[in-house]
There are 2 protein chains.
Amino acid sequence: MNRIPGRMPTTPPTLADVAERAGVSRQTVSNAVNNPDLLRADTLMRVQEAISELGYLPNRAARNLRTRSSHLIGLRIQPVQEGTANATMDRFVHSLVETSREAGYHVLLFSGDVGDPLAGYDDLLRSTAVDAFVVTDTYLGNPQATWLDSRRAPFVAFGRPWDNPGATHAWVDVDGAAGCQLATDHLLDKGHERIAWIGWRKDSFIGEDRRSGWHRAMHARGLPTTGLASRVEDTVASGRSAAGVLLDEARPTAFVCASDTLAMGVLHTLHERGLRAGDDVAVVGFDDSQVAQVVRPGLSSVRQPLEEVAVEVVSALEGLLGHPRVAHRGVLLTPTLEVRDSSGPDRR
Amino acid sequence: MNRIPGRMPTTPPTLADVAERAGVSRQTVSNAVNNPDLLRADTLMRVQEAISELGYLPNRAARNLRTRSSHLIGLRIQPVQEGTANATMDRFVHSLVETSREAGYHVLLFSGDVGDPLAGYDDLLRSTAVDAFVVTDTYLGNPQATWLDSRRAPFVAFGRPWDNPGATHAWVDVDGAAGCQLATDHLLDKGHERIAWIGWRKDSFIGEDRRSGWHRAMHARGLPTTGLASRVEDTVASGRSAAGVLLDEARPTAFVCASDTLAMGVLHTLHERGLRAGDDVAVVGFDDSQVAQVVRPGLSSVRQPLEEVAVEVVSALEGLLGHPRVAHRGVLLTPTLEVRDSSGPDRR
DNA sequence: GTACGTCGTTGGATCGATCCATCCCGGCGC
DNA sequence: GCGCCGGGATGGATCGATCCAACGACGTAC
């Protein structure tokens, strides 16, 4: 390689520099990095010394160009919802970054237009900027999933293909029904019998799934659910008024909610009526948000195992991108229950 | 370009394909994309048609290799702090992604080792994976900043170089002192005179800065501050006990806190003592977290203009990476106050 | 001693966009 | 008519790592 000896210290060393220093060819250095077992021990040693002496690291752009892969994973993020307690994304993003790193991938964030969620995906895909996507906003009835599928773009969804059970793409999800069943059973075990549900509107697949967990738990003990359920928007105000109506008309002793946001609404209503959350009426939320953790009384909440979700997502990605491809269908993980004071004492 | 006519539809078109179709050379296509004003109108039109017909988008890896820039910005994220109300990062990340997109950049997330925060930076830098960094965790007394500076790595800090006022790198920060002064003045205007401060330990530059805003506001009205300040760890429990001690020993009628987490601790203490937050004792927090927004009573809080911070950060980055380089020193933005019920009524 | 297979190594070609020096062509001045 | 000028277009070289076919050295077998 004809490189000026006294080159700028800002120019990183290349594979050719290492080869020259170690007295071998470029390919041998490449093998030392990517397939060390192809080299003889002493040669490998010599090359590795040269690498560390020069502080060599492969140039990403060159590698990407040749191998047609960037080792980047695209993740679309949407704005934080102010005024709610929803903060799943934050925890998930961190777990995903951490897990991806271990698998040799980095996470590339992008934000799509609000109107056209596909725009961001399309650009990144066509410019071969990312190897795959992680799709999180499947609650809409994921147009992304089918679109990406049609483009043969590798992706893993965090969230089931609710509206298309026949979908063949890889997905990972948390069993919301199991979580709500866990929460309801927890309250039943404490002696509650009239447990109300506050969830989302009927067009939300996730909401209906979570609701079914409550419903199942109640029926398993032969308890009625009529008049005990309410479906509203995911805001504190909606939760608050729904709780008021339910308390007046159905006299529940406990609430299970589809979100911490709704549960906060319930806590508001209880306080307004002079009822003590926990002692008088038990409340359980969903997502184990920071709000649930620092509010008084502490809000019991169903916690999604987002670290595990990230591990499964990355494992699915490795299957999609690896050689040979390993098919990876759906994975359903079970959440846990974080018990705090809003669960109240044993009532028996 | 000798490309097989009936090639796989999965292979994206290249610049050479476009050139062939438009009947021009590769360079002309490149100019059409990057310097359209160099072409004659009719040629440009022809090329653009070919581009849209083929759905051409430049290959990122190839461009990166040639231009030695990836148009990626590295951002290190740390785990969410569970059990606190701190969620600044989430909002900032989204704003940064959005603003970067408008400037033609994407955000690459990475997580460093806990022990060695520089490891992640080093790898990305040496492998030329990112063009620049956004450094956020400067509260430690930013070893990153000086390290990156010594490596001549382009970066912008969100946070002042507290321990090194002579630093020459670009930074953007929010004036915490002004924020706390705003909060304190707000309470003073309501008629409070004994306003307590709960902040962080003395070794926190940010904490001392915020404290100075409270101190300044009090002294501006000739009010004493002796015995009214407390410095503790940033946890709900610490805030709670600090509030207890202050109520016993200094009888304040209002609290200004360095964080929403501490403010939540104050709310806890007030409730335990049968005092009504807002009506009996006013409380103001810092960060306008989701917790402040959904808790009861609503927690007044200082809100950092993170959207503006992102804009300034990206603008600084463009200065660093652009031609010619535009020096961009420090920018200090002023936060706003979100007034909620915990501010209480007018007391005059 | 020659032929052969293996392991390790080599130089050249390649990925796709951009940089560079050159070339073409129409217009202008003398 | 000839030479000059400049906007516009051209082909070759380049960025750095990897793929590929071929090559050298060594040991074994005949």
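Bear in mind the structure is a predicted one, so any value in this text is a computation, not a measurement. Protein chains get the first letters and strands the later ones, always in sequence-line order, with residue 1 at the start of each.
- Under the 30°/60° scheme for interplanar angles, the aromatic rings of Phe158(A) and Phe92(A) are found to be tilted.
- The side chain of Leu65(B) sits closest to dG16(D) out of dG16(D), dA17(D), dA17(C).
- For Thr67(A), taking side-chain heavy atoms from C-beta onward, the closest of the listed nucleotides dT18(C), dT18(D), dG16(D) is dT18(D).
- In terms of phosphate contacts, Asn34(A) brings a side-chain nitrogen or oxygen within less than 4.0 Å of OP1 or OP2 of dT18(D).
- For Arg26(A) against dG12(C), a side-chain-to-base donor-acceptor contact under 3.5 Å is present.
- Of the side-chain N and O atoms in Tyr56(B), one or more sit less than 4.0 angstrom from OP1 or OP2 of dA17(C).
- Between the side chains of Thr128(B) and Arg60(A), no donor N or O sits under 3.5 Å from an acceptor N or O.
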Worksheet entry | side-chain hydrogen bond (donor to acceptor under 3.5 Å, both in side chains) evaluation trace for Asn64(A) with Ser70(A) | CA-CA 5 Å; Asn64(A) 294 350; Ser70(A) 60; 5.4 Å; no
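- Atom CG in Asn59(A) sits roughly 6 Å away from atom C1' in dG16(D) (whole-Å rounding).
- With rounding to whole Å, Ile51(A) atom CD1 is found 16 Å from dG16(D) atom P.
- For the helix from dG1(C)-dC30(D) to dC30(C)-dG1(D), the end axes, each set by the C1' atoms of five terminal pairs, are bent relative to each other by 60° (nearest 10°).
- Considering only residues two or more places apart in sequence or on other chains, Arg126(B) meets the side chain to side chain donor-acceptor pair (under 3.5 Å) condition with Asp122(B).
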Return the polar atom pairs (N/O with N/O) between nucleotides 5-9 of chain C and the protein under 3.5 Å, or none.
residue : atom : partner  : partner atom : Å
dG8(C)  : OP2  : Leu38(A) : O            : 3.4
dT9(C)  : OP1  : Thr43(A) : OG1          : 2.6

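- Taking only distance into account, the side chain of Arg66(A) never meets the base of dG16(C) through a donor-acceptor pair shorter than 3.5 Å.
- The distance between atom CZ of Arg68(B) and atom P of dC19(C), rounded to the nearest whole Å, is 12 Å.
- Counting non-hydrogen atoms under 4.0 angstrom, Asn64(B) reaches nothing in the nucleic acid.
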